[in-house]
Student: 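Have a look at the structure that comes next, please.
Every chain is numbered from 1 and lettered A, B, ... according to where its sequence line falls, protein lines coming before strand lines. Keep in mind that this is a model prediction, so the values were computed, not measured.
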Amino acid sequence: MLEVHRIDVDIASVSILRNAALDLQAGQMVGLIGRNGAGKTTFLRAIMGLASIRSGQVTFDHADITQAPPQRRALLGIGYMPEDRRLVPSMTAEDNITVPAWSVGIPDQEDRLAWIYDVMPETKVFRHRPASSLSGGQQKLVALARALMAGNRLLLLDEPSEGVAPALARRMSEILHTLKDDGLGILIAESNVRHCADLMDRMFAIERGAVESRPLRRKNGGTVPVAGAIPVADASPAGVPARASGELAGDST
Amino acid sequence: MRSLTGDRTVRGVLIGFTLLAIAGFFLPAWIVNNVMFGLARGLAVLGLLVLLRTGLVSFGHALYFGLGAYSVALLEQLAGVTELVPRLAGAVVVAGGLGWILGFVLRRYRGIFFAMLSLAFSMALYGILVKTESLGSTDGFSVSPTVLFGWSPETRHVFLAMVAAVCAFAAIVVQVYLASALGHLTTAVRDNEIRVEYLGYPVARSIHTTYVLSAMLAGAAGGIMAMALGQVDPDSMVNWTVSGELVFITIMAGAGNVAAPFIGGVVFEFIRTYAFELAPHAWQLIVGATLLAIIFFLPNGLWSLIEKPWKKLEKRRD
Amino acid sequence: MTDAPILCVTGLCKSFGAVVAARDISVDVAAGEVVGIIGANGAGKTVFVNMITGYLKPSRGTITFAGTDITGIRPCDAAHIGVCRSFQTSQVFMTMSVLDNLLIATAIASKGRTSLLRPLRDDARITQCEAILNRYGIREYRDRVASTLSQGASKLLDIAMAGVSEPRVLLLDEPTSGVSVEEKYDIMDVVISASRRQGTAVLLIEHDMEIVERYADRVLAFDQGEKICDAPPRQVLADPRVRALIVGPDDADDSTARPRETTDA
Amino acid sequence: MHSMFNRVHRLALGLGVLATALGPYGAVTAKDSIDVGVVAFLSGPAAGPFGVPGKNGAELVIDAINAGTLPAPYDTAGFAGATLNPIHIDESGGNAKQVAEYRNLVEKQGVDAVIGYISSGTCLAVTPVAEELKKLTILSVCGTPRIFEDGDWTHIFRTQAHAVGDSIAAALYVRDNFGDVAGYTGINQNYAWGQDSWKSFSLAMGHFVPKAEVSSTPQFPKIFAGQYGTEISTLALDDAELVHSSFWDGDIEAFVVQAKVRGFFDNKQFLSTVGASAIDSLGSEFPDGTIIGTRGEIGILVREKSGPLNTWFVNAYRERYGAWPLGPSYQYAQAVLALKIAMDKAARDHGGFPTQDQVIAAMKGLSFETFAGRIELALGNGHQAVHPVGYGITRWNDETGEPEVTNITFYPSKCIYPPAGKPSLDWLAEGMPGSDC
Amino acid sequence: MQTIVAVLIDGLSYSSYLFIVSVGLTIIFGVMKILNVAHGSFYAWGAYAAAYFIGLFHGMGFPHWFGFVLIAVSAVAVGAIIGLAIERIILRKMYEHEEVHILLATFGVFLILEDVILLVFGVNPYFAYQPMALLGSVKIAGVTRDVYSLTLIGLAIVIALACWLCLARSKWGKILKVVIFDREIGLAMGINVNAVYVYTFVAGAMLGALGGAAIAPTLSVSPGIGIDVIVLSFAVVVIGGMGSIAGAIIGALMVGLLRATAVHFVPELELFVIFAVMAAVLMVRPEGLFAPARARRI
């Protein structure tokens, strides 16, 4: 369904991704594993059209979408959940969830929403509360629901279990499992595969420097095949210079 | 001292300004005037350049420019001072003094908030000047010709030489400052305030120092402008459009070198003179179009045109 | 190692609105001691470091450094008296060369104010910095602009800058995150040996238990703003509560599923 | 000759020599043409009512003199025989810009003289520079008395009397026609002109209508503010029934339009010392019954006055520009006239083309016939003009479809200006000793 | 008492046109993060277009009330034509540039538009008092007031309500909120941010032009009228909080009432108070009175 062919991505003329490649089929869950700053987020952003691709190609259902604007990708059924949730605090959970429906102009909006509430009944409970009043975990669920609104074919999830209590992380895995069984393709970027390793069909390692072969064992003893890997730029930078000052709070929140 | 004379920029500035001062004696008066106005603006732009190095853009530097100009005018009105040194000192001290006071507030702000707060302060001064009769209201004051140690030179060429000397001095001071550890802190603060703070230097102090230096430069610039022009008034010294022009020249000149502001200032003055002559009703249009062209095609300013041959020259000398 | 603690933290509390980030934390650190701090994301490790270095004001409690109360001190003053830190994501001057980065750190560290007015690229200072570059193995990057460095090199520079002033307390926030496996021990060797030599007390925040185990004299485990364990490394890592909350769900045969443990396999 | 100078300049620029040695006046003995800077508002709120009519007036008379078609006694062609080539400069943009422009005119364009300036602020700013550059400059319109009372200038002349006479004449007119007024206030611009006008008007009122009470909150909005809603409220709330204003540019029109809708003029007696331009531009919108002045024997007050010069001026102006000549048209034309008279006189006295110093000597203390009256350079050591000043009452004439001014009274210059050497505000404060009314 | 009523009415009518202009500025800033110096030009163009057409059509014998139609038409036309042109030709290429460069580019546009006004409309002032004359006057607490200024207050209220409805009650508003909150998340959620930018800029330009067109009948429309307005609306927007509509209301009210009070009691401070308050607000609440306070970075 999704094929990424050797893409190069620069941010502020610093090479972030080089020759990165990956493919994913419907009903598959694929992990993209790498440490902080390895380029996972950039990779997802490039697929979503938020980071411009210098060379290489991204196809979705065999159609080239390398240069397509993000809204067209959303219309094709790609949903994106950013790492830090980024819900609009003053809007209710439901409004946050339905944003993509309005913007993309999804015709069966109501059905889609009903389906989302069906998959994640817990979000229905707090749908009328403003996003700012939700806990971090609840926000994470809303962000996932929002990604689902447009993304009924492919989900791009950036660190879905980061900063989430173990119970919720387990719940998140369950939801993803349901979605996978519904035939969605799911690409998860994680630095910590603890909670969803057993769901993954394939793993891609993203790390600066050379490719590591990394067989991962399932609970039942089987091995997750390492389908390929993404060589990433050698000089992966320590971040974009601009806002060094914003990051101090780090994991305190 | 050895490092001072060893600095190519310092040598370049000294040679350049000396040549300019000498050339002044052979140039027609109107060119001398435009060069002087250009140098005066350049001095203020040098102040903005120092701020820009620390990542701040003031949209209200006309506050100090105007304050310097009005200091010169008021010193004459109230105390009859027409000597160059006290005039200039007055402008620098008053501007630096207010810069020091406002610095306590402004050093807490960055980005758009810094720009807006600077604008607010400058417009508050504008509001006072425009409406106060004893401060000349909209008219401002005339400024009589400047005297140098009791000697009042017949021609303005001598004054150009004095202005060139002041500008060269300021450029060298700034160059030495920027080469010092303290001066490098400006860039360090722009790059990463947190790191500077955690290395043990208060970011606020670094910004404050830079700000006061910048205010003093703009004050001196305003003082020189008042002396060169022979007139001060709020609309041409303190209004926000003046601040806008100064930022414009800063971007036009480029922040690459302490000489750039002066080149930018003089070029701006000539663009304006010719634009006005060419199209009295459309000179702003020409200036505005130049501004857009620079932003689009020469984002690093005029200095980037000079930098390449300059670097080549340096290489050859090495 | 002397007995008198260089850093005393007593009853430190911090909350952001309803969220409690630190709950009555008390720790003594002796000079020259290396104290590891572990905890899950959001457990309050960074908040703890931020309070010690003065970025955050504690809601309650005191921090004493070498006998002086430094609670609520500004970061620059903390650094000035000898409490320095490195950062999780390296904090360097992106547009400057590696050498200039260090030169600035050195200039600030040399306490005399007048030295700041001297040219930055002072010969003596350059020699001094080159020695540091050598020690940290980043000499080859001397003239590279910091933004072009690899994460590992950038991290080394970050730590080198923190250590320039020979602080008496050095807080290292995840010094090996983002650093390749081959490099991580090298970094730690350099840092820890330098601090041992200078008798610097080190507070080491780490996710990598191997690093903690290998370098820390003592380990603090944090959970939800609370200190749940304070003991030598082996003892802490064996603690069931720590294993459950921090090290991960304890599935002996699944331990290889954790990438950090598979990487050196 | 002029082009030769240009060439010299260019040469100087190229070689970097000579330019300072050869002033633009050098050792000239004869000229075919002279360059004169003519400065007036060509843009901004003051362009329509003042600048453009002023420029037109100058242009009309310059062309006529160059061609020798002005009626007698000015029917000789040229200025000491030379053709005048005007260089028009826009006065807008603030004082500092005007100072820079002045320097450009003299030092870059090398003009032989400068005529113009409407704003008092600009006049004050330009005067010291003109003196510094030693260039004959004839101020045509501006009215602040400070120019010749605070300074002593060799190269500056003003062919327009200063504002104190306007104020005294205004107070006299109030005394003669509205003697029972109980109180007065004012709205004036916050710069030299407005402040001086208000100060001298209130002093004169204190003298002539002592029982009228002066308001404590006269308004001083910023020049070209354009919006007077709040000021109109303050004035309306004031008990004073007489409202004095020296608004002159677009401000007077804006004020009248905004105030009229609010019925302001139904309750207040409005006195406008220079707002005559608005009478034509606003037509029937201009409130009837306003006391209006034109600062001399010029503009709408002398529109109907016969006499060969005035008839020629009004008709030629209307023919060429399709509008009535306004006050500034006269004022600029009079400045040009003064230059011609002085240059011709100097040429006669000395034989040959006169130097600047000879022209200045000839102009000093000049007394000459203008289009509708007489101007004497009697003050400021022979550099500052005096002349009669009149006022009248406005009325819209439905039959002709034109505005008119009735009940016109002119007050002679001996009555409304201080004797030479006496600062006018002191003179006013002392009760105008020696005034001959 | 009379004076207080006068201050209130004067202040409110001044506030209302300031609000109309500023709300355009604040919307553009809120959504696009552009501090648009050229906004003063929209105001000037709106005023010129309205004054020109009112004069023209009045001369052709159209009834006075037609002026109101012309005011609306001028605002929409100016906003659509000039706004669209600027967004398409200049700003579109600049979104990736530094903030200062964008600010300066709008300054350049401002300079250009100022002179284009001169070239198009000439140097003479325009008067378009017909709509104001048509509405006549009314006596409130002993002070005669022109009804037109009072109508302006009504217009400002209508626009405030319309903005509020649009932002708080419509899908459009919610989409805007997302873009305001985070441009990139908007993109990721399938919002055509470029289109949002165009509409926003044009709408903001229309409001700026409407402010000018609406006030045109009460003033002499002459070159340079945009210069003062731009700093005044900066003050309004900064006082209220950049990007906040409620803030624009509060900011405009504060500026208008302060100015009116100053003119009535201490005319010398008329301009000073406005900017002193702007500075004071920035010092106490840099984000403005109505923007949610955010933690200050070091």
Side-chain angles (χ1 to χ4, degrees), chain B residues 52 57 59-60 102 105-106 108-133 137 193-194 196-197 203-204 235 239-241 244-245 247-248 250-252 279-296 299, chain E residues 29 33 35 37-38 89-90 93-94 97-116 118-119 122-123 223 227-228 230-232 234-235 237-239 242 262 266-283 286-288 296-298:
Chain B
L52 197 65
V57 176
F59 218 68
L102 294 185
V105 178
L106 278 161
R108 289 162 40 210
Y109 296 84
R110 306 291 181 272
I112 202 90
F113 299 110
F114 181 86
M116 285 294 106
L117 191 54
S118 317
L119 175 70
F121 284 135
S122 76
M123 288 307 289
L125 176 70
Y126 175 78
I128 293 174
L129 291 177
V130 151
K131 287 295 224 165
T132 313
E133 198 191 336
S137 53
E193 289 187 18
I194 286 185
V196 172
E197 193 83 16
V203 167
D235 273 304
N239 207 355
W240 69 269
T241 44
E245 276 169 12
V247 179
F248 165 27
T250 313
I251 300 300
M252 180 174 87
H281 286 218
W283 67 275
Q284 294 194 90
L285 194 152
I286 296 173
V287 171
T290 315
L291 175 53
L292 285 180
I294 298 244
I295 291 173
F296 277 112
Chain E
F29 181 83
K33 303 288 176 286
L35 200 52
V37 180
I89 300 171
I90 315 259
K93 300 192 178 74
M94 298 219 58
H97 280 57
E98 283 173 57
E99 224 170 33
V100 195
H101 282 187
I102 301 182
L103 189 77
L104 266 185
T106 62
F107 181 53
V109 171
F110 168 78
L111 291 176
I112 292 173
L113 286 178
E114 279 293 285
D115 272 1
V116 177
L118 283 183
L119 297 178
V123 296
I227 293 184
D228 293 339
I230 185 63
V231 267
L232 282 178
F234 272 17
V237 165
V238 166
I239 289 174
M242 289 186 268
V266 255
E268 301 81 39
L269 297 184
E270 175 197 339
L271 275 171
F272 172 77
V273 283
I274 294 171
F275 296 103
V277 166
M278 173 177 169
V281 167
L282 269 169
M283 283 193 262
E287 310 265 346
R296 188 172 62 82
R297 296 194 224 140
I298 277 201

Student: Can you find a pair of side-chain heavy atoms, one from E:Ile90 and one from B:Phe296, that are under 4.5 Å apart?
Tutor: yes
Student: Using non-hydrogen atoms and a 4.5 Å limit, figure out which bit of E:Pro223 sits close to chain B: side chain, backbone, both or neither.
Tutor: neither
Student: Non-hydrogen atoms of chain B under 4.5 Å away: do they reach the side chain of E:Glu268, the backbone, both or neither?
Tutor: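 For E:Glu268, the contact with chain B is made by backbone and side chain together.
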Student: When heavy-atom pairs shorter than 4.5 Å are enumerated against chain B, which of E:Glu98, E:His97, E:Met94 gives the highest number?
Tutor: E:Met94
Student: Can you give me every donor-acceptor pair (side chain of residues 103-116 of chain E, partner residue at least two apart or in another chain, under 3.5 Å) with its distance?
Tutor:
unit_1, atom_1, unit_2, atom_2, d
E:Thr106, OG1, E:Val37, N, 3.1
E:Thr106, OG1, E:Leu103, O, 2.6
E:Asp115, OD1, B:Gln284, NE2, 3.4
E:Asp115, OD2, B:Trp283, N, 3.2
E:Asp115, OD2, B:Gln284, N, 2.7
E:Asp115, OD2, B:Leu285, N, 2.8

Student: If you compare all heavy atoms of B:Ile295 against all heavy atoms of E:His101, which two are closest, and at what distance to 0.1 Å?
Tutor: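 Looks like CD1-O, 3.5 Å.
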Student: Between B:Val105, B:Val130, B:Leu292, who has the most heavy-atom pairs with chain E when the cutoff is under 4.5 Å?
Tutor: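 Looking at each option in turn, the highest pair count goes to B:Leu292.
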Student: Is any side-chain heavy atom of E:Met278 closer than 4.5 Å to one of B:Leu119?
Tutor: yes
Student: Would you check if B:Trp240 and E:Ile230 make a side-chain contact, meaning some heavy-atom pair closer than 4.5 Å?
Tutor: yes
Student: Which of the residues E:Ala279, E:Ala235, E:Ala280 is involved in the greatest number of heavy-atom pairs with chain B at under 4.5 angstrom?
Tutor: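 Greatest number of close heavy-atom pairs with chain B: E:Ala279.
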Student: Within a strict 4.5 Å, meaning less than it, do heavy atoms of the E:Ile227 and B:Asn239 side chains meet?
Tutor: yes
Student: Need one label for B:Val247: side chain, backbone, both or neither, based on atoms under 4.5 Å from any heavy atom in chain E.
Tutor: both
Student: Can you confirm whether E:Leu269 sits close enough to B:Lys131 that some side-chain heavy atom of one is under 4.5 Å from a side-chain heavy atom of the other?
Tutor: no
Student: Which bit of B:Thr241 is near chain E, if near means a heavy-atom gap under 4.5 Å: side chain, backbone, both or neither?
Tutor: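 Both backbone and side chain.
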